[in-house]
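Below: one structure, written as structure tokens.
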Amino acid sequence: MPHRIAVVVPTPAHSSIGGPLSYLSELPLLPGTLVRVPLGRREVLGVVWDDDSAAPPDRPAVETRAITGSLSGIAPLAQQWRQLVTFSANYYQRSLGEVALSGLPPQLRDLDSSQLARRLKRGAGAAGDEPTAAPLPLTPEQGEVLAAFEAEPGPFLLFGATGSGKTEVYLQAVLRMLQRDPQAQALVMVPEINLTPQLQERFVARFGAGNVVAMNSGMTPPQRLKSWLAAHSGAARIVLGTRMAVFASIPHLQLIVVDEEHDPSYKQQEGARYSARDLAVYRGKLEGAKVLLGSATPSLESWQSAEKGRYRRLLMASRVGSAASAEGSFPAVRLVDMNLQPKNTVFSPQLLDAIGQRIARGEQSLVFLNRRGYAPVLACTACDWKSECPNCSAYRVFHKIDRTLRCHHCGYTERVPRACPECGNVDIAPVGRGTERLEEHLGDLLAEVKQANGEPVRIARMDADSTRLKGALEQQLARMHAGDVDVLVGTQMVTKGHDFRRITLVAALNPDSALFSSDFRAPERLFGLLMQAAGRAGRDAAQAGASEMWVQTWHPKHPLFTNLRRHDYPAFAAQQLKEREQAGMPPFGFQALLRAEARTQEAAQAFLKAASAAAQELDGADRVTLYSAVPMSVQRVANVERAQMLVESTSRNALQRFLAAWQPVLQASREKGLIRWAVDVDPLVI
Ligand code: ADP
Ligand code: ZN
Ligand code: ZN
């Protein structure tokens, strides 16, 4: 007599099959077992799910089919893992199958049992190499923080200045836990793939290569499978990864670290739009693992949780190696009032002079501008032609290096035309500037400046373009560390995480747009960015005193800069939270976005309007506010029109209940011309 089992399978985002499907199996299979099952005409990977008697009765008139086989070499996924998946699917309004399957390494889908058995055998042999580095003696602040961390349950928010030694706290928190429990495992998350190699190096040195596995989207499918199997089997004690790692199967998980917890890249921006930081906190509670969030500029959500006592705040105010007075060890902030500069000034003379002094002393400077390419627009000087993208409501960016116009939204790339395509005028000119042009301009400005040894100045650029090729980033970082660069120009990429020892000047050229953005999170992001950037300067204690952070701005009196000058994140946060509270914005209110994509803007909005009208009938509609449907800020991308509608509530639960009730209504919609739609819960960008 075959057994009837529930199996979660990959289903299209908005099919009506949300939950598990029924299959037959000769053998009883434990929930969490990986199986292969027929689905339509395909065979797919599925996960045996808990038999949920509340699930709707079997689909009518379809014969229940038998599973094809089970991956018996792999232990079933734990109940907590399944709970995490269920919670995520419900909370972020996606199907169980999508969330479950996207949490598994893609190669599991493709390998047959014998191939898998070979992989399992190969993985098992890797003995843990010995650690090569010993723990550092803790600073008094690190010692206090670790003691508090050991003594209390958390979750913890480690509010630690840049350079205060947060990584050492993570390393030793992990070390103590591993020593206490020979099975325990830890999950350490970082925001950027770029930052994983250096952190991985430190963890490997401390714990041995066999104990540490990485998990990020830059890895090949075989590498990802190998890491996943090592974590799932318990062999790897430490999983180090980007946001996707929050779904890793880690059966003996006891500690979760979320480094730079404020970073927007913890929020997935497509498919299931989950926040890995928020899920880390949830997962910690679920599995009884301690959660440690760390940042020099916490997200206002986390900061507010600490203010309310939901998180335990741990403080490290001073930089490692600095004298007891914290003030002196952070770079002085210099604001240049651009109202007092001649028109079209890019580098104020003061800033140039300061950079020149650094060069003469053999110190490094870092200049950043949040725009890559040579110029954001190319324009004809005779008619009104501009380098618009034919597929998007955006300009294509001029990249001088390969003389292309590239759309940063859809990727559409063309050679720069010899003459204006509209009027034939040969005089077409770049408007505005990106990092490429900045690098060139700085080269001109510093042409006469020499290093102490009489050699010319070395300027380098680091952004998504310069680091596209494999190994390029590592090479550029190595040049920087070796002191082979005097001035590094880059996008915000250069401001994150890197422990450059010789930088004594950091300059933000043009950060003003964030001050008056319609995005209410823009000031929070800017403050974080500038604090992180300032954190790159003077990391070598011997030079900390002479380090400077320069900001060129048209609004030097803005309160954001006042708090920046004092390195006063708490004052900035208090001011922002007050504004948010008055406006009922997160973390005081809760939001979701309904997004729609269609052939025409009308169709996209019609879908949203119909959804809004239908919502009025639903239970709990009185506890949410539905705003009007509006075009997205970049309205058309790759010839698809985009619109969105904001939903708000003062209660997270009320919002969740409403979204659950709304979901079937949205799925039933048959708006003509609609291509896709999605709900984004707790959206980061509105
Ligand atoms: P954060 O992540 O807080 O910005 P890091 O962890 O990068 O700071 O630490 C800054 C620097 O201080 C690093 O070079 C690190 O090796 C060093 N450091 C950290 N803790 C100690 C310690 N206890 N003793 C000596 N050096 C330390
Ligand atoms: Zn023209
Ligand atoms: Zn485009």
Side-chain angles (χ1 to χ4, degrees), residues 157-164 166 260-264 293-308 311 313-319 322 325-339 351 366 368 370 492 495-496 505-539 544-545 547-583 585-588 684:
L157 176 62
L158 172 54
F159 172 46
T162 51
S164 63
K166 292 187 285 297
E260 311 288 4
E261 66 88 31
H262 63 279
D263 198 291
L293 311 177
S295 176
T297 52
S299 64
L300 289 175
E301 281 80 1
S302 297
W303 188 255
Q304 176 68 4
S305 287
E307 294 280 289
K308 291 285 161 209
Y311 296 171
R313 182 162 41 217
L314 306 170
L315 174 68
M316 298 204 300
S318 39
R319 285 182 157 186
S322 68
S325 96
E327 279 306 308
S329 70
F330 292 103
V333 174
R334 308 240 179 273
L335 298 174
V336 180
D337 186 345
M338 294 308 277
N339 298 292
L351 174 55
L366 194 160
F368 74 96
N370 252 343
Q492 63 173 325
T495 64
K496 287 190 187 177
L505 181 148
V506 174
L509 280 203
N510 192 5
D512 283 349
S513 62
L515 297 176
F516 307 100
S517 166
S518 61
D519 178 354
F520 71 91
R521 282 195 175 84
E524 175 184 357
R525 275 198 295 272
L526 176 61
F527 194 83
L529 178 68
L530 295 177
M531 289 281 281
Q532 294 291 335
R536 295 314 114 210
R539 290 175 77 84
S547 292
E548 292 174 344
M549 161 95 203
W550 287 68
V551 181
Q552 296 194 152
T553 173
W554 296 86
H555 305 277
K557 299 245 152 46
H558 196 284
L560 187 147
F561 293 131
T562 316
N563 289 322
L564 181 73
R565 289 180 92 139
R566 302 191 189 119
H567 302 279
D568 195 346
Y569 171 82
F572 170 77
Q575 176 266 325
Q576 283 286 308
L577 283 169
K578 204 163 119 199
E579 278 183 21
R580 299 249 189 121
E581 185 166 22
Q582 282 162 0
M585 298 282 196
F588 302 95
L684 266 195

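Positions are given from 1 along the sequence.
Under the rule for a ring pair (Phe, Tyr, Trp, His ring centres under 6.0 Å), Phe368 has no partner lying at least two apart in sequence or in another chain. For Gln492, there are no side-chain hydrogen bond (donor to acceptor under 3.5 Å, both in side chains) partners at least two apart in sequence or on another chain. Every residue meeting the side-chain hydrogen bond (donor to acceptor under 3.5 Å, both in side chains) condition with Glu579, not counting sequence neighbours, appears here in chain and number order: Gln575. Residues satisfying the side-chain hydrogen bond (donor to acceptor under 3.5 Å, both in side chains) criterion with Glu261, sequence neighbours excluded, are Arg277, Ser299, Ser302. Among residues two or more places apart in sequence or in another chain, the ring pair (Phe, Tyr, Trp, His ring centres under 6.0 Å) test is passed with Trp550 by none. Gln304 meets the side chain to side chain contact (heavy atoms under 4.5 Å, CB included) test with Glu307, Lys308, Arg310, Leu577, Pro587, Phe588; sequence neighbours excluded. Residues passing the side-chain hydrogen bond (donor to acceptor under 3.5 Å, both in side chains) test with Gln576, sequence neighbours excluded: none. A search for side chain to side chain contact (heavy atoms under 4.5 Å, CB included) contacts involving Ala571 returns Asn563, Asp568, not counting sequence neighbours. For Tyr569, the ring pair (Phe, Tyr, Trp, His ring centres under 6.0 Å) partners at least two apart in sequence or on another chain are Phe159, Trp303. Partners of Ala534 according to the side chain to side chain contact (heavy atoms under 4.5 Å, CB included) rule, which considers only residues two or more places apart in sequence or in another chain, are Pro331, Met549.
From Gln532, atom CD reaches atom OG1 of Thr495 across 7.0 Å, with rounding to the nearest 0.5 Å. Distance check, rounded to the nearest 0.5 Å: CZ of Phe520 to CG of Leu300 gives 9.5 Å. If you take CG on Leu529 and CG on Asn370, they are separated by 6.0 Å, rounding to the nearest 0.5 Å. Once rounded to the nearest 0.5 Å, the distance linking CZ of Arg319 with CZ of Phe330 reads 5.5 Å.
Under the 4.5 Å side-chain criterion, counting only non-hydrogen atoms from C-beta, Val551 is not in contact with Leu509. Between Leu515 and Leu560 there is a side-chain heavy-atom pair separated by less than 4.5 Å. Two residues are said to be in side-chain contact when any heavy atoms from C-beta on lie closer than 4.5 Å; Lys166 and Ser164 meet this criterion.
Nearest heavy atom pair, residue Leu335 against residue Pro556, reads CD1-O, 3.5 Å. For the pair Thr162 and Gly535, the tightest heavy-atom approach, listed with the atom from each and the gap, is OG1-CA, 3.1 Å. Closest non-hydrogen pair, Pro298 versus Ser295, comes out as N-OG, 3.3 Å. Closest approach of His555 to Phe561, counting heavy atoms only: O-CD1, 3.3 Å. The two atoms that bring Thr297 and Gly528 nearest to each other are OG1-CA, 3.7 Å, heavy atoms only. Arg521 and Glu301 make their closest contact through NH2-OE2, 2.9 Å (heavy atoms, listed as atom of the first residue, atom of the second, distance).
Sorted by first and then second residue, the side-chain hydrogen bond (donor to acceptor under 3.5 Å, both in side chains) pairs involving residues 510-519 (not counting sequence neighbours) are Asp512-Thr553, Asp519-Arg525.
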* Could you walk me through whether His567 and Phe572 pass side chain to side chain contact (heavy atoms under 4.5 Å, CB included), step by step? => CA-CA 9 Å; His567 302 279; Phe572 170 77; over 6 Å; no
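In this structure, Arg580 pairs ionically with Glu524, as a charged nitrogen and a carboxylate oxygen lie closer than 4.0 Å.
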